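Computed from a predicted model, the values in this text were never measured in an experiment. Every chain is numbered from 1 and lettered A, B, ... according to where its sequence line falls, protein lines coming before strand lines.
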Amino acid sequence: MSEMIRLSIFRFDPERDDKPFMQSYEVPVTKRGMKLLDALNYIKWELDGTLTYRRSCGEGVCGSDGLNINGVNGLACITPVTGLKQPVHVRPLPGMHVIRDLVVDMDHFFDQYRQIQPWMQTDTPTPEHERLQSPEERALLDGQYECILCACCTTSCPSWWWNGDRFLGPAVLLQANRWIVDSRDEATGRRLDQLEDAFRLYRCHQIMNCMEACPKELNPTAAIDSIKRKLLARKS
Amino acid sequence: MAYLSTDKVEHHFHDVVIVGSGGAGMRCALQLADAGHRVAVVTKVLPTRSHTVAAQGGINASLGNVASDHWHWHMYDTVKGSDYLGDQDAIEYMCRAAPLLVRELEHQGVPFSRLDDGRIYQRPFGGQSREFGEGGQASRTCAAADRTGHAILHSLYQQNLRAGTHFYQEFFALDLITGDDGCQGLMAWDIARGEYHLFQAKAVILATGGAGRVFRVTTNAHICTGDGGALTLAAGLPMEDMEFFQFHPTGIADVGPLITEGVRGEGGYLINANGERFMERYAPTAKDLASRDVVSRAIAQEIREGRGCGPKKDHVLLKLDHLGEELIMSKLPNIHELALRFADVDCTKDPVPVQPTVHYTMGGIPTNRFGEVVYSKGRNKEVVFPGLYAIGEAACVSVHGANRLGGNSLLEIVVFGRACGNQVMKHLREHRYHAQLDVDCWQRGAERVERWLSSARDRREGPSIADVRLRMQTIMQEHFGVYRTEELMAEGVARLESLAGEMDRAVISDGCGLFNTELVEALELENLMALARVTAAGALARRESRGAHARDDYPERDDERWMRHTLATLDSEGVKLGYKPVRTSPMTVESFPPKKRVY
């Protein structure tokens with residue numbers, strides 16, 4: 001008899017259920033280093049085909065399977081299942097509208113991403129060759145561009161829970177900073193203008209849940225601080 | 001006069017519909033949206049979840065930033081790497097366009113790693129040479145650390161946000177609407193809301209990626225189920241060269257995630273159980289940077305001869321700790337993370353267990369170098385099917401032939417994404433209005449969904465899709481691996497055809513209309529099964545060894561009989577095979593005639 005893992009998973013089928021409930025499952029440990037996504041797949045393929053969640057790459061780069069795991073946000077595909085306290089409580093990302101089971105509506109999150117105009121903006125003519133950037137300037141992008149937009153950080157942020165309609169949240173602000181610190185981008189002033197707002201930026205109160213939650217070990221709080229400092233610097 | 005014989009299908013009108021939101025689809029969408037066309041990207045996932053995101057090592061272009069380079073050398077390497085099955089007009093086009101397209105990506109914001117002088121960083125990759133194989137190793141692969149695919153996909157998504165492309169996210173493509181005058185649109189299923197949509201368009205572009213999930217162990221994402229290829233087969237059109245699946249030499253043993261060839265490009269190498277650097281025996285010059293098919297066969301051979309590592313002697317080791325922590329953390333940080341998470345190995349100290357793992361679909365939907373889907377009719381082997389296009393891994397242009405070089409797949413998606421966009425614009429100038437549709441054209445697509453939903457709602461008994469899928473993947477894994485034989489493959493074909501017969505009885509248990517992922521998996525399994533069948537039949541028929549198709553019973557390449565592309569169609573009677581010649585004439589330069597491949 002192989003070792004079993006007990007899970008308690010958030011279920012909600014809007015066609016059938018009045019309200020959500022937690023459902024218990026037991027899953028065998030099928031391999032060494034087994035991840036939570038393997039356990040969810042085992043349930044879906046062997047026990048209960050109706051369990052609903054998103055997944056794609058299975059190796060932590062696409063950002064599909066952000067979930068709330070024992071109260072902490074993370075990616076199912078890179079969270080080892082054996083180290084978790086049992087039963088493992090698996091819930092959808094907090095503060096989000098649930099479509100079904102573990103699937104949440106990501107529209108508002110991506111809409112906020114669009115609001116910061118996350119594309120390279122330049123006024124000077126495009127050169128024939130690449131825009132030059134020194135290794136030191138490029139190093140400023142490390143810890144910024146790697147974001148996979150899984151929303152683990154944003155949905156762990158109490159400020160975003162309260163004011164998510166107007167506060168951009170850590171993931172989007174990290175990406176705003178990614179363009180502010182890119183030496184090739186020429187819209188820094190406009191980007192800072194757009195962020196200088198009591199809600200869009202300044203609802204961050206350095207609770208730092210975001211950096212705890214980030215599965216890619218990025219630090220949105222530091223990025224937000226950097227934006228605030230730049231705003232302060234241009235006043236003086 | 002009604003457009004459709006139902007009010008349950010929402011009817012959209014776009015100039016162009018692109019299926020798939022990976023690099024190819026989004027590069028193409030960008031070209032068309034920037035030109036002012038009304039573009040819809042229909043994708044079964046959120047765009048940044050597409051599998052381009054997982055590409056690691058980089059994108060090839062003869063920029064010559066590190067050492068002198070030329071597109072013609074790049075072309076030679078690609079033709080040789082393809083084992084002379086690549087179409088040389090398309091290869092010339094791609095290699096010539098590469099520097100322009102890579103610089104354009106840089107202008108679009110891709111955070112490439114940099115050299116000290118501020119130009120794009122380039123690293124050596126497998127199968128690259130200078131001066132037509134005479135001038136030693138080239139450094140042709142432009143990299144954003146080891147997250148190049150992520151960097152490119154996100155930049156292209158951002159550019160499409162700017163350009164105002166319409167995204168229909170989490171929509172599953174069900175059926176191509178075709179008529180006498182070509183392709184007129186697409187039926188799709190809104191996964192979240194459980195509703196039907198018909199996208200009418202003057203051009204439909206399939207950019208649905210690879211089909212690695214026909215195998216059990218693969219580096220491919222769960223979503224790589226060859227959906228576009230299956231739509232093409234269902235429309236009565238052929239698939240090309242599907243027997244050529246690339247085994248990447250360095251998937252993490254047993255689990256699959258990829259360890260980039262960039263590790264070997266930066267100086268890592270493979271060792272067997274005796275600690276021997278065995279690639280020196282198989283490829284004396286290029287060693288660990290030989291072409292992927294060569295390295296994968298070498299690893300498989302070492303394991304067959306009992307020099308594999310681990311208790312089951314089923315893998316070899318990739319050593320990179322000698323590169324030093326600083327280089328690993330700056331140039332290969334993602335590899336460090338993956339090895340730690342999936343192999344429990346700190347690669348700055350210990351070697352990583354690796355084995356050949358299914359990685360890339362060289363075959364695909366047959367196209368010319370403009371991305372137009374082509375089929376055989378009588379003596380004409382390349383008749384354009386109007387209004388239908390295919391690009392990226394879903395397509396077979398064919399720039400990869402029997403074996404793809406590392407760094408050429410990211411290149412292919414941007415080069416042919418753009419080329420296809422330009423060709424579609426010509427088509428749009430000649431086709432100003434939408435075609436008149438058959439009022440019942442929506443039915444075939446809708447039946448695909450209803451058949452599965454009713455199996456759940458009627459609680460029918462039958463094999464589960466998870467069970468059928470696992471058996472299909474196991475057959476492919478066991479009978480169509482790195483080394484193949486007549487006997488093994490014939491048995492595989494028989495088992496697969498019998499399993500395909502079970503699909504009619506297969507059932508799902510989820511009858512819910514909203515976000516029904518079991519339904520999606522069932523539709524994906526239909527697609528996978530169709531592609532597995534043409535793959536198996538094509539492999540059994542090809543009696544030679546070429547690129548990724550290596551046979552023990554026919555160990556040599558046979559240019560006389562087999563330097564030709566397989567074309568497979570699928571109907572109720574099964575798979576039918578046909579062939580067409582390789583396009584050996586490049587656009588402007590002289591053809592590279594086949595010769596023995598030595599690395």
**OP:** Tell me, with the steps shown, if A:H129 and B:L63 meet side chain to side chain contact (heavy atoms under 4.5 Å, CB included).
**Re:** CA-CA 10 Å; A:H129 295 284; B:L63 299 178; over 6 Å; no

Using heavy-atom distances under 4.5 Å, tell me whether [X] contacts chain B through its side chain, its backbone, both, or neither.
X	value
A:N41	side chain
A:L149	both
A:P127	both
A:L37	side chain
A:I148	both
A:T126	side chain

Are [X] and [Y] packed together at the side-chain level, in the sense that at least one heavy-atom pair is separated by less than 4.5 angstrom?
X	Y	answer
B:R162	A:Q121	no
A:I78	B:F342	yes
A:F110	B:T48	yes
B:Q158	A:W179	yes
A:V61	B:N334	yes
B:C512	A:T50	no
A:R184	B:E106	yes
A:Q133	B:P111	no

Determine, for [X] against [Y], whether the closest basic-nitrogen to carboxylate-oxygen distance falls under 4.0 angstrom.
X	Y	result
A:E137	B:R114	no
B:R49	A:D65	no
B:R119	A:E130	no
B:E170	A:R54	yes

Measure the spacing between [atom1] of [X] and [atom2] of [Y] and express it to the nearest 0.5 Å.
X	Y	atom1	atom2	result
A:E46	B:S464	CD	OG	7.0 Å
B:L258	A:C57	CG	SG	12.0 Å
B:F515	A:T52	CZ	OG1	8.0 Å
A:D48	B:E518	CG	CD	8.5 Å
A:Q117	B:L161	CD	CG	10.5 Å
B:D510	A:K44	CG	NZ	6.0 Å

[X] portion near chain A, given a 4.5 angstrom heavy-atom threshold:
X	result
B:L514	both
B:E104	neither
B:V507	neither
B:V255	side chain
B:N65	side chain
B:L115	backbone
B:L470	neither

Subject >> Candidate pair B:Y157 and A:Y113, rule side chain to side chain contact (heavy atoms under 4.5 Å, CB included), full reasoning >> reply: CA-CA 11 Å; B:Y157 177 58; A:Y113 180 58; 3.8 Å; yes

Which one of [options] has the most heavy-atom pairs closer than 4.5 Å to chain A?
options	answer
B:R193, B:Q159, B:E521	B:E521
B:A151, B:S155, B:A192, B:G513	B:G513
B:A221, B:C224, B:A456	B:A221
B:D116, B:D344, B:L338	B:D116

Within 6.0 angstrom of [X] [atom1], more than 12 heavy atoms from elsewhere:
X	atom1	value
A:E212	CD	no
A:D111	CG	yes
B:R457	CZ	yes

Just by modelled atom types, is the [Y] backbone N or O under 3.5 Å from a matching donor or acceptor in the [X] side chain?
X	Y	value
B:R147	A:E146	no
B:R341	A:G33	no
A:R55	B:H222	no
A:R138	B:F112	yes

**OP:** Could you have a look at A:L51, A:V103, A:L141 and say which one has the most heavy-atom pairs with chain B under 4.5 angstrom?
**Re:**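 Looking at each option in turn, the highest pair count goes to A:V103.
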
Original post:
Hey, which residues of residues 9-21 of chain A are touching chain B, say heavy atoms under 4.5 Å apart?
Top reply: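 Within residues 9-21 of chain A, the residues under 4.5 Å from chain B are A:D13, A:P14, A:E15.
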
Original post:
Have A:W119 and B:Q108 got a donor and an acceptor in their side chains that come within less than 3.5 Å?
Top reply: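 Side chains of A:W119 and B:Q108: no pair found under 3.5 Å.
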
**OP:** Kindly indicate, with the supporting measurements, whether the criterion side chain to side chain contact (heavy atoms under 4.5 Å, CB included) is fulfilled by B:L46 and A:M106.
**Re:** CA-CA 9 Å; B:L46 304 173; A:M106 298 288 286; 3.9 Å; yes

Original post:
Where does the angle between the aromatic ring planes of B:H150 and A:Y145 fall among parallel (under 30°), tilted (30 to 60°) and perpendicular (over 60°)?
Top reply: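 Geometry flag for A:Y145 against B:H150: perpendicular rings.
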
